[in-house]
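Model, not experiment: these values are computed from the prediction.
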Number of protein chains: 2
Amino acid sequence: MRSPEALAQRFREANLKVTPQRMAVFEVLGTGPGHPAAEQIHRSVVEKLPNVSLRTVYQVLRELSELGELVMLDLGTGAVRYDHNLTQHHHLVCDECGAVVDIPAHLTEVQYAGVADLGVSVSTAELVMRGTCSPCHAAGSTTAESTKPSSQPTMQQLGDPHA
Amino acid sequence: MRSPEALAQRFREANLKVTPQRMAVFEVLGTGPGHPAAEQIHRSVVEKLPNVSLRTVYQVLRELSELGELVMLDLGTGAVRYDHNLTQHHHLVCDECGAVVDIPAHLTEVQYAGVADLGVSVSTAELVMRGTCSPCHAAGSTTAESTKPSSQPTMQQLGDPHA
DNA sequence: AACTAATCAACAATCATTGTTGATAACGGC
DNA sequence: GCCGTTATCAACAATGATTGTTGATTAGTT
């Protein structure tokens with residue numbers, strides 16, 4: 001993630017104006033947790049700058065992704081997650097709380113050279129793991145409850161489960 | 001994918017009745033392409049058994065997935081894809097036509113033992129590749145057009161692009 | 001044959017996301 | 001500091017996939 005100032009610069013270069021709303025989004029992205037959905041970002045933005053519409057947040061996020069400063073992740077969690085980690089990494093989706101955890105690429109080994117034989121060409125490859133995140137895993141191992149209660153956490157209640 | 005008869009048997013064992021509608025879905029799944037969305041399955045089902053509602057197809061697919069005979073795949077293509085390939089494999093999503101291609105696991109190498117250090121636990125790991133499928137790749141290499149026209153094919157028009 | 005489950009049609013609702021519109025605000029080049 | 005061009009706003013509608021509902025009808029299974 002680049003600094004808000006760097007992003008502002010990029011926007012100016014792209015002939016996009018640097019408005020307070022956009023700056024607010026830039027700042028929120030830098031501080032917040034790793035993979036927020038648009039709703040969450042909006043909630044944070046409104047805290048510092050009220051009256052910013054959700055509509056505008058969607059807009060800014062889209063612009064950021066078009067500039068390559070952000071990656072839109074659809075991991076089947078119901079809403080798109082915005083990933084500002086620009087380094088090589090993979091993801092783990094927590095089955096219990098829906099959190100998305102970054103998995104540094106160096107902890108994994110992924111090769112798919114043989115795939116070319118199928119006649120396809122691969123531009124990106126991402127490893128999507130499912131399991132339990134660290135906090136949920138810790139909680140589960142001690143309390144040993146939840147056999148399978150969590151179906152799919154909705155975006156509403158998805159405000160940082162571990163806080 | 002098990003045979004329609006085998007699936008019927010499983011349904012009976014689960015105290016689920018084997019209706020013509022369900023059988024029709026079973027049969028369609030065996031014959032059709034690899035990763036249909038519910039709408040596509042419905043279209044095929046209606047061909048052999050009219051008056052089957054989309055509602056019912058969703059229902060049957062859900063039951064199949066609850067029995068573990070089917071995997072619901074959300075690859076960010078807009079709709080859930082139903083995967084009846086029960087062997088170890090990964091997926092490639094074609095950026096151009098939206099097709100989902102099976103990639104046999106033996107063509108790849110995926111390891112993530114080091115991930116345990118993060119305190120998380122992994123139950124499944126799937127490699128999601130993006131690129132171009134074989135037909136699109138062949139077409140693209142000769143005609144060399146499409147710089148980036150296809151934004152996101154919608155389900156409606158997504159009836160087997162290569163037929 | 002009877003009990004129960006499944007299906008139907010027809011509709012409404014959900015949820016994330018994008019489009020629209022007309023009015024207001026404000027960035028940035030001069 | 002002015003002005004033209006963009007951005008943003010509120011408020012609303014629409015999309016598209018999916019699930020819920022309801023009351024009536026059909027049809028497996030024992």
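In terms of hydrophobic clustering, with Ile, Leu, Val, Met, Phe, Trp and Tyr side chains grouped at heavy-atom distances under 4.5 Å, B:L73 and B:Y82 are assigned to different clusters. There is a path of hydrophobic side-chain contacts, each under 4.5 Å, that joins B:L16 to B:V25. Tracing side-chain contacts under 4.5 Å through hydrophobic residues (I, L, V, M, F, W, Y), one reaches A:M23 starting from A:L67; they form part of the same cluster.
At the heavy-atom level, B:R55 lies under 4.0 Å from base atoms of the strands shown.
The nearest whole Å value for the distance from the CD atom in A:E39 to the P atom in C:dC15 is 10 Å. We find that CD of A:Q9 is positioned 14 Å from C1' of C:dC27, with the value rounded to whole Å. Between the CG atom of A:L16 and the C1' atom of D:dA7 there is a distance of 10 Å, given to the nearest Å. Distance CG (B:L54) to C1' (D:dG20): 14 Å, rounded to an integer number of Å. In this structure, B:L49 places its CG atom 17 Å from P of C:dA6, rounding to the nearest Å. For A:H42 and C:dA16, the NE2 to P distance is 14 Å, given to the nearest whole Å. Atom C1' of nucleotide C:dA5 and atom CZ of B:R12 are separated by 14 Å, given to the nearest angstrom. For A:M23 and C:dG28, the CE to P distance is 10 Å, given to the nearest whole Å.
Across A:L86 and A:L70, no two heavy atoms sit closer than the pair CD2-N, 4.4 Å.
Phosphate contact (OP1/OP2 of D:dG28, side-chain N/O of B:Q21, threshold under 4.0 Å): absent. Between B:R22 and C:dT7 there is a side-chain N or O to OP1 or OP2 distance below 4.0 Å.
Side chain of A:K17, nearest nucleotide from D:dT5, C:dA5, C:dA9: D:dT5. Out of C:dT17, C:dG28, D:dT18, the shortest distance to the side chain of A:V80 is found at C:dT17. Among the nucleotides D:dC9, D:dA17, C:dC27, the one closest to the side chain of A:V52 is D:dC9. Checking D:dT29, D:dC9, D:dA7 against every side-chain atom of A:T19, the shortest atom distance belongs to D:dA7.
Residues B:H35 and B:H91 place their aromatic rings such that the two centres sit under 6.0 Å apart.
The stretch residues 56-73 of chain B touches DNA chain D through B:Y58, B:R62, each having a heavy atom within less than 4.0 Å of the strand.
Toward the 5′ end of DNA chain D lies the nearest nucleotide of B:Y82, the other residue of the pair B:Y82 and B:V18 mapping further downstream.
Looking at B:L49 and B:V52, their side chains come closer than 4.5 Å, going by heavy atoms from C-beta outward.
Shown are B:V115, B:V128, B:V110; of these, the side chain to side chain contact (heavy atoms under 4.5 Å, CB included) with A:L127 is made only by B:V110.
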